[in-house]
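The structure under discussion appears below in the form of structure tokens.
Since the structure is predicted, the reported quantities are computational estimates derived from the model, not experimental observations. What you see below is based on every heavy atom in this structure, not just the backbone, and it leaves out hydrogens, waters and symmetry mates. Labels below follow one simple rule: chain letters A, B, ... track the order of the sequence lines, proteins then strands, and each chain is numbered from 1.
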There are 2 protein chains.
Amino acid sequence: MTKVDRRIKRTQRLLGDSLIALMLEKGYENVTIKDITEHADVAYVTFFRHYKDKDELLTARLNELITELAERINELAQAEIGEAAIQIAFEHARDNQQLYRVLFSSPGTVRVREELKTIYAERLIQTCAPRAPEGSVIPFEIAANHIAAATFELIHWWLKHDMPYSTQKMGRIYLELVERATWQALQITETEPYSES
Amino acid sequence: MTKVDRRIKRTQRLLGDSLIALMLEKGYENVTIKDITEHADVAYVTFFRHYKDKDELLTARLNELITELAERINELAQAEIGEAAIQIAFEHARDNQQLYRVLFSSPGTVRVREELKTIYAERLIQTCAPRAPEGSVIPFEIAANHIAAATFELIHWWLKHDMPYSTQKMGRIYLELVERATWQALQITETEPYSES
DNA sequence: AAATTATGACACATCGTATATCATAACTCT
DNA sequence: AGAGTTATGATATACGATGTGTCATAATTT
């Protein structure tokens with residue numbers, strides 16, 4: 001294990017912090033490398049000595065946050081899925097509002113979001129699939145993906161509309177619209193008759 | 001109703017077709033305006049006489065695609081084939097597979113996707129909101145957004161996994177997981193007791 | 001046939017990305 | 001503490017993409 005040069009750590013930290021700060025300020029796409037290096041008070045050329053492009057810096061800088069979020073998701077999936085857990089998620093989104101906003105709205109972060117969604121869905125499959133009913137019309141993989149996507153979407157909608165409802169209310173909505181609705185849909189088997197409401 | 005100049009229609013068609021062709025070839029982000037105009041055999045400046053940027057062209061072209069989809073649904077509905085509208089959507093996705101894939105996976109198309117989702121949600125609000133029950137726990141705006149997002153997500157999942165189920169099966173899944181599930185969740189009112197499954 | 005207008009060709013400005021070189025300062029290692 | 005190593009800053013430069021302006025010409029409309 002080779003020791004990392006102090007200057008390298010310093011530069012990379014400055015660049016990473018600057019990207020985050022500028023993203024919150026003007027959005028990922030609108031941040032230029034020149035912006036980053038100026039904000040970090042580092043020579044323009046230095047950027048390319050560390051990263052190939054903006055995406056590489058974002059990924060590197062976001063890795064720790066992804067881990068934190070993954071842990072949070074892990075908690076949520078492992079916990080007996082209930083009101084408390086999902087409310088914590090909304091609270092977390094509210095507390096890290098700006099960052100969540102950027103992550104949801106910046107095109108450049110799509111890959112990261114997809115990754116998170118997949119991780120969430122896979123955890124759901126591992127923890128909940130055994131309890132799912134046999135012979136459902138809906139493959140559990142689809143249901144898990146649906147839940148993961150719908151959850152993110154709900155948080156996204158909430159932030160996009162400036163949090164018009166309380167975290168309690170959103171937790172309730174999540175329970176009914178996403179969790180309970182999906183679970184009930186899973187109960188439907190091939191042989192079960194389909195009747196209109 | 002003013003008549004549209006033939007040259008305008010010709011140019012816009014050429015530009016739109018070129019963008020689609022190049023997207024499928026190298027991905028949306030990697031297509032330059034110069035690429036488009038060269039492929040269309042049109043002067044570079046002409047692009048800006050019609051569109052502000054790439055996004056605007058893509059949106060315009062996708063609107064045509066949606067119109068086409070809507071027409072197909074109308075035709076088949078009139079022909080009384082008894083095929084659910086959603087199934088036609090899955091068939092449309094299958095037939096225009098490459099385009100849908102690019103649309104779903106290219107980071108650059110996020111804004112356009114968001115726009116499409118909003119349009120879909122708003123349409124749902126206009127057409128279905130009057131029939132929604134009073135005093136639901138779930139605001140109809142959220143339900144509409146949920147349906148729109150979940151529908152896109154379902155198609156996305158299906159294409160991403162190389163269409164492992166038939167369009168009939170996917171239509172059924174959509175009906176249960178998205179439409180029926182959401183509608184039933186909307187029935188829940190504040191006063192209604194909440195019981196665990 | 002005349003008026004209108006979309007287009008092509010060319011020039012040009014601006015901006016962001018990316019690389020090369022070299023002196024200097026900061027750091028590591030012994 | 002000193003010698004060797006290496007990251008950085010400054011500068012120059014090339015390149016590609018976006019975007020605007022002008023004017024003659026060709027296509028279209030009325």
request  = Salt-bridge test for A:Asp5 and A:Arg10: reply yes if a basic N is under 4.0 Å from a carboxylate O, no otherwise.
outcome  = no
query = Taking the side chain of A:Arg49 as its heavy atoms from C-beta onward, which of D:dA17, C:dA6, D:dG9 lies nearest to it?
reply = D:dG9
request  = Measure from CD1 on A:Ile36 to C1' on C:dA18 and round the result to the nearest Å.
outcome  = 15 Å
key: Whichever of A:His50 and B:Phe47 has its nearest DNA chain D nucleotide further upstream toward 5'   = A:His50
Selected nucleotide, minimal atom distance to A:Ile33 side chain, candidates D:dT18, C:dT5, C:dT17 = C:dT17
query = Is the side chain of B:Arg180 donor-acceptor paired with the backbone N or O of A:Ala185 at a distance under 3.5 Å, no angle test?
reply = no
Sugar-phosphate only, base, or nothing, as touched by A:Arg7 at under 4.0 Å among non-hydrogen atoms = base
ask   = Looking at D:dT18, C:dT19, C:dC22, which one has an atom nearest to any side-chain atom of B:Phe48?
value = D:dT18
ask   = What's the NZ-P distance between A:Lys34 and C:dT14, to the nearest Å?
value = 13 Å
query = Can you find a side-chain donor-acceptor pair between A:Asp95 and A:Tyr100 that sits under 3.5 Å?
reply = no
ask   = With respect to the phosphate group of D:dA7, does any side-chain polar atom (N or O) of A:Thr46 fall under 4.0 Å of OP1 or OP2?
value = no
ask   = Whole Å only: how far is the CD atom of A:Gln12 from the P atom of D:dA7?
value = 11 Å
task = Calculate the interatomic distance between B:Glu38 atom CD and D:dG16 atom C1'; express it in whole Å.
result = 12 Å
query = Which heavy-atom pair separates A:Ile188 from B:Arg172 by the least distance, and what is that distance?
reply = CG2-NH2, 3.8 Å
query = Roughly, in whole Å, what's the span from CD in A:Glu29 to P in C:dT17?
reply = 13 Å
ask   = Contact class for A:Lys54 vs. all strands (heavy atom < 4.0 Å): base, sugar-phosphate, or nothing?
value = nothing
ask   = Should the ring pair A:Trp158 and A:Phe90 be called parallel, tilted or perpendicular, given that the plane angle runs from 0 to 90° and is split at 30 and 60?
value = perpendicular
inquiry  = Rounded to whole Å, please give me the gap between NZ in B:Lys9 and P in C:dA6.
reply    = 14 Å
ask   = Could you state the NZ-P distance from A:Lys52 to C:dT19, rounded to the nearest angstrom?
value = 10 Å
remark   = Closest to the side chain of A:Val45, out of C:dT5, D:dA7, D:dA10, is D:dA10
inquiry  = Whole angstroms only, please: what is the CZ-C1' distance between A:Arg6 and D:dT6?
reply    = 14 Å
